[in-house]
Amino acid sequence: MVEEYTADTMHEAKSDLDGRFNNAITELVEITTAYFWNGRSKEALHILNQLLPITGICEAQHLRLPILLQLGKIQANEYVYTNAEPEPMFSILNEARRLAEQSNDRKGLADALSSLGTAHYFVELNASSTIESTAGQYKEALNYHELALKLRVEIQDNRGISESYFQIGTVYERWQKKEMALNYYAQAARIAEEHHFPLEQSEPARHFAFHAFQSGDLDEALRFAQHALFMRETAGFKPHLPLDHLLLSDIYLKRGQIETARQHAETATRLGEEMGYLRAVSSSCLTLGDIELTQQRADTARTYYEKALYLGHELKLPLSVHRAEERLEQLNDRT
């Protein structure tokens, strides 16, 4: 009788420990989501890196996967700005993938595959000096996103399905297969609208705006770009807000609405500086330089272009360097 009581008590104590660990760490992971969405990824990553060693305790081992997934997702999503050393990010995501496979966690596996696709996509993009891709680029990204999509369809993860359709569309966009890209964006947008996912609506809208802008339909471009910004703000996702404001700035500049264009570019600069995303600041400097040039202020334009070039070199981003050098050369030809 005493032995039974002791065994039951020990079992209850272990269950209590399991539950406490689960509640505490799950809550902390959710807190890191709030930090990241508010543009404070450094704090989010700091908390997650502090949590990882705790998973060495047996009662917390099963929580290693959600921590890794969150770490990898944040690093992959902001890689377009940071261009950091990619190996730690891939190490985290590959471990998450292995743990998800071992535990037969299909949702976790789909999320790991999706983040791996995003990571490979941005690594390829950041290493390129042009938006257009060469043969062989982005194939790994596409493969991971297609695997993630297959799983997400099987488990009926509508938010994930929308995200995967969008991500696949970005690869076809890089391959200059416009119609295929737009088709995937349309599927992503349809699902996001049906299920009222504001963040998942914002990305296809921004890319619809970009394509309309490229084709010269400024009214359509403005409509989609405004919708993208509205959806992003509705969702409360700050990290990609600079991209929305920069696209709007380019559209307003093309429409001749100079001061509105300037306001959006300055907002993108402020947001980039607040979040420590210097690539956003570099891109904003290019746009602000373009704005100054339309008003015949060549010296001020040069200052902006030179800052963009400096940041491009600092971040080791060939595309940013190329765009800044191109503008400086054009400026030299004019003067």
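Note that the coordinates shown come from a computational prediction; the quantities given were computed from them, not determined experimentally. For the numbers below, each heavy atom of this structure counts, side chains included, while hydrogens, waters and symmetry mates do not.
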In this structure, are over 12 heavy atoms from other groups packed under 6.0 Å from [X] atom [atom1]?
X: K307; atom1: NZ; result: no
X: Y35; atom1: OH; result: no
X: H46; atom1: NE2; result: no
X: Q156; atom1: CD; result: no

Quiz item: Got Q167 and Y184 here, is their nearest side-chain heavy-atom distance under 4.5 Å?
Solution: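 No - every pair of side-chain heavy atoms lies 4.5 Å or more apart.
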Practice problem: Output, in order, the C-alpha distance, side-chain angles, deciding distance and verdict of side-chain hydrogen bond (donor to acceptor under 3.5 Å, both in side chains) for Q102 and R97. | Solution: CA-CA 9 Å; Q102 289 167 9; R97 179 186 183 180; over 6 Å; no
Self-check item: F213/F224 aromatic ring centres below 6.0 Å
Solution: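 F213 vs F224: aromatic centres not under 6.0 Å.
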Quiz item: Are E220 and R223 ion-paired here, with the side-chain N under 4.0 Å from a carboxylate O?
Solution: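 Answer for the salt bridge query: yes.
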Exercise. Give a yes or no on whether a salt bridge exists between E292 and R302, defined as a side-chain N under 4.0 angstrom from a carboxylate O.
Key: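 No, no charged N to carboxylate O under 4.0 Å.
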Quiz item: If you round to the nearest 0.5 Å, how far is CH2 of W175 from CE of M180?
Solution: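 Answer for the CE-CH2 pair, M180 versus W175, is 9.0 Å.
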Quiz prompt | Among R152, Q70, K73, R106, side chain to side chain donor-acceptor pair (under 3.5 Å) partner for D111 | solution =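 That would be R152.
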Quiz item: Can a cation-pi geometry be assigned to R159 and F197, taking NZ or CZ under 6.0 Å from the six-membered ring centre and within 45° of the ring axis?
Solution: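 Flagged: R159 positioned over aromatic ring of F197.
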